[in-house]
Amino acid sequence: MTQTPADASQTPEPGPAAYPRIRRALRWLKVHTGHVVTLSILVGIVAGLGAVAFSFLLDEVSDIVLVRGADYVMPAAGAEGNGRIAKPPGRRWFLLLAPALGGLLTGVLIYSLAPEAEGHGTDAVIGAFHRNRGIIRGRVPFIKTIASVLTIGTGGSAGREGPIAQIGAGFGSSLAGWLKASDRDRRILLLAGAGAGIGAIFRAPLGGALFAVEVLYRDTEFESAALVPAFVAAIIGYSVYCGITGVWGPIFDVPQLEFVHPTELAFYALLGVICVAVGALYVKVFYKMRDLFRAIPIPNHLKPALGGIALGVVGLFIPQVLGMGYGWVQLAINGNLAWKLAIILLFVKMIATGLTIGSGGSGGVFAPSMVIGGLLGWLCGSLFHHLAPHIITQPAAFALVGMAAFFAGVAKTPVSSLVMVSEMTGGYGLLVPSMLTNAIAFLLTPRTISMYEKQVNARVDSGAHAGEYFFDVLERIPVSQCVKGDSKVITFQRDTSLRDVLSVVSTTMQPIFPVLCPDGSLCGVIDLNDIRAILGAPVPDDGLVVARDLSYGKFPTITPEESLAAALRKVRNTRSQALPVLKSDDSKTLLGILSRHDISNAYHDYLYRAQEN
């Protein structure tokens, strides 16, 4: 049987038993500094080195396969081209084979050794944080590195954010496991490692740190406990990466762009709305293709190769969709891209990304999202410039704002997207329109539309915070989930004799007993506490005392539409252990009873589902 990613991630690999002195020293540092910030320095160093190794391997494989094999040099962003001049593929037929070979090697590697390394790694990090106590197996960073290099280096339409996030997060998780740290500290080091890796490889330390703590939730929430450790790790990772590679500053070369006319905001707002529509299409295309590949009845090992074959066919006719694609955005910013090619790339890039990652290949969705958003923004900016040349004088500005807004909508990261794009482009003069466009894209994109499936809506939905929000959890559970119309409840008619009542009550643990009128409506409630003293006592069978005499007629009731939090407040305000549930406020039709025990069980069931999914 093929092991699924979920199965594979449940049991962590044991940490190394060697190096006891190093382990004791690190644990001493953690205990005596009182925080994981000290360990974040080490996480940042390793994440920076991992980013260097990943970039080196990716460049080498790309050079061997695409440059030497296909004789194809794609345009690059800023200084990433190393002085190379872009040229069309000299051996176009080679592009048909390269992605298939990369997909085959990736599929065999991943599904044989670490199935959880498939797809875009950021989602795996999010899932590990929420559902798996922050545990990532020690082998995953290594498998993810090689698999992503094979996928992207052979032309796969994917980015570096997912792989490097999982590489950094994997080391943070492994370090915590080695030191026998708590689950909370493991999760913090997991996020610190992810932020450090992203901040290093994108040369955006602040954006990387913010992304790691923001991408966990679909609402505007941050994992604040990990913010400072992520800052520290990202600073260290960025410094290590840039210090070794010798490349500092933004990824993109951007001219001086500024927001100078308030009227421009109307056009930027329109761009935000357009990003919502195109972003929704992008997410749906991606996951439809992913579901299509999952339904194909062949071994998982072969599916990335199948996706690679399909991508090769696309690349045979449109080679520009291969690889990360930052160079095409750079050309658009420089004003050197044909608008027809931009339109083609805008939509074909969605398909290419779905074929690459949706089939099980390894890579991130950040780069494709940046390319789609940048091209969309540039096209809109060019159109706006044509319509209002005296107001829109810099179409390239819309490319930068489009990158941030598009990703803010599809990733639910309005703050970190703004910061990351500003760091990657140096376009700080566009913060005001970017803030507006990001906010519009984030607010108008439905919560259910996200590139990251394992995001949860808020902290209360995360297994990492199970038990911290008791009433928040109960507010999310309706009474109807606990009490159904067919609930088996012991009831009495109002003329039932005292002897019959006591004989039934003595055989059950039900806390209250509804008393019904002849028409079946509720007319009273007998509380077990009221009659407990006479249970087992001899009672005459004279019919003088009946159920109606034992009940009280004024009592609070609950309806199915209410939350368990509201129900618990009503129960707490009485001396009873339960209350009757009626069909509606103006109805006397009994559906059942709701006890404190029922509420407790529902709460713990919710936490169990949140933790175990």
Side-chain angles (χ1 to χ4, degrees), residues 66 70-78 81 84-90 92-93 95-96 99 155-159 252-255 257 267-268 270-282 284-286 289 310-356 367-389 392-403 405-407 410 425 437:
L66 298 179
D71 193 25
Y72 179 31
V73 181
M74 289 181 283
R84 288 179 176 172
I85 300 176
K87 58 175 293 188
R92 190 177 290 257
W93 60 268
L95 298 178
L96 182 64
S157 177
F252 292 92
D253 285 338
V254 177
L257 300 172
F267 293 93
Y268 282 112
L270 180 57
L271 173 61
V273 175
I274 295 172
C275 284
V276 172
V278 178
L281 175 64
Y282 173 47
K284 290 181 179 179
V285 167
F286 180 86
M289 298 190 72
L311 178 64
V313 173
V314 175
L316 188 66
F317 299 97
I318 312 173
Q320 294 88 346
V321 302
L322 301 178
M324 290 182 292
Y326 284 149
W328 305 108
V329 178
Q330 182 69 68
L331 291 179
I333 293 173
N334 296 340
N336 297 325
L337 185 66
W339 64 269
K340 290 184 179 180
L341 177 59
I343 294 175
I344 293 173
L345 288 180
L346 175 65
F347 294 102
V348 179
K349 192 70 175 175
M350 300 181 188
I351 300 174
T353 305
L355 292 172
T356 301
S369 301
M370 289 288 107
V371 173
I372 295 170
L375 295 176
L376 177 64
W378 179 76
L379 286 168
C380 290
S382 300
L383 176 61
F384 298 156
H385 174 68
H386 178 75
L387 297 175
I392 306 301
T393 59
Q394 299 173 314
F398 283 79
L400 273 61
V401 175
M403 282 194 287
F406 187 82
F407 194 67
V410 301
T425 62
T437 313

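Numbering of residues begins at 1 and proceeds along the displayed sequence. In what follows, every heavy atom counts, from backbone to side chain, and hydrogens, waters and symmetry copies are set aside.
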Could you check whether any side-chain heavy atom of [X] comes within less than 4.5 Å of a side-chain heavy atom of [Y], counting everything from C-beta outward?
X: I351; Y: S157; result: no
X: L345; Y: V371; result: no
X: S382; Y: W339; result: no
X: L341; Y: Q320; result: yes
X: L387; Y: F267; result: no
X: L95; Y: L66; result: yes

At their closest point, which heavy atom of [X] faces which heavy atom of [Y], and how far apart are they?
X: V329; Y: G374; answer: CG1-CA, 4.4 Å
X: A342; Y: L379; answer: CB-CD2, 3.8 Å
X: Y72; Y: P88; answer: CD1-C, 3.9 Å
X: R92; Y: P319; answer: NH1-CD, 3.3 Å
X: L322; Y: K349; answer: O-NZ, 4.2 Å
X: H385; Y: I392; answer: ND1-O, 2.6 Å

Please round to the nearest 0.5 Å and tell me the distance separating atom [atom1] of [X] and atom [atom2] of [Y].
X: F317; Y: L96; atom1: CZ; atom2: CG; answer: 9.0 Å
X: D253; Y: N334; atom1: CG; atom2: CG; answer: 7.5 Å
X: L316; Y: L311; atom1: CG; atom2: CG; answer: 11.0 Å
X: M324; Y: M74; atom1: CE; atom2: CE; answer: 8.0 Å
X: L400; Y: M370; atom1: CG; atom2: CE; answer: 10.0 Å
X: I318; Y: F347; atom1: CD1; atom2: CZ; answer: 12.5 Å

Backbone N/O of G156 and side chain of T356: donor-acceptor pair under 3.5 Å: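 Judged by distance alone, no pair lies under 3.5 Å.
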
Is the side chain of Q330 donor-acceptor paired with the backbone N or O of F252 at a distance under 3.5 Å, no angle test?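 Answer holds: no.
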
Contacts of type side-chain contact (heavy atoms from CB on, under 4.5 Å), residue L376, not counting sequence neighbours: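 In terms of side-chain contact (heavy atoms from CB on, under 4.5 Å), with neighbours along the sequence ignored, L376 is linked to I274, C275, V278, L346, C380, F406.
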
Report the C-alpha distance between L337 and L375 in whole Å, list the side-chain angles of each, state the deciding distance to 0.1 Å, and finish with yes or no for side-chain contact (heavy atoms from CB on, under 4.5 Å). CA-CA 10 Å; L337 185 66; L375 295 176; 3.6 Å; yes

Among L281, T353, V410, L355, which residue satisfies the side-chain contact (heavy atoms from CB on, under 4.5 Å) criterion with F286?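 So, applying the side-chain contact (heavy atoms from CB on, under 4.5 Å) to F286 and each of L281, T353, V410, L355, only T353 qualifies.
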
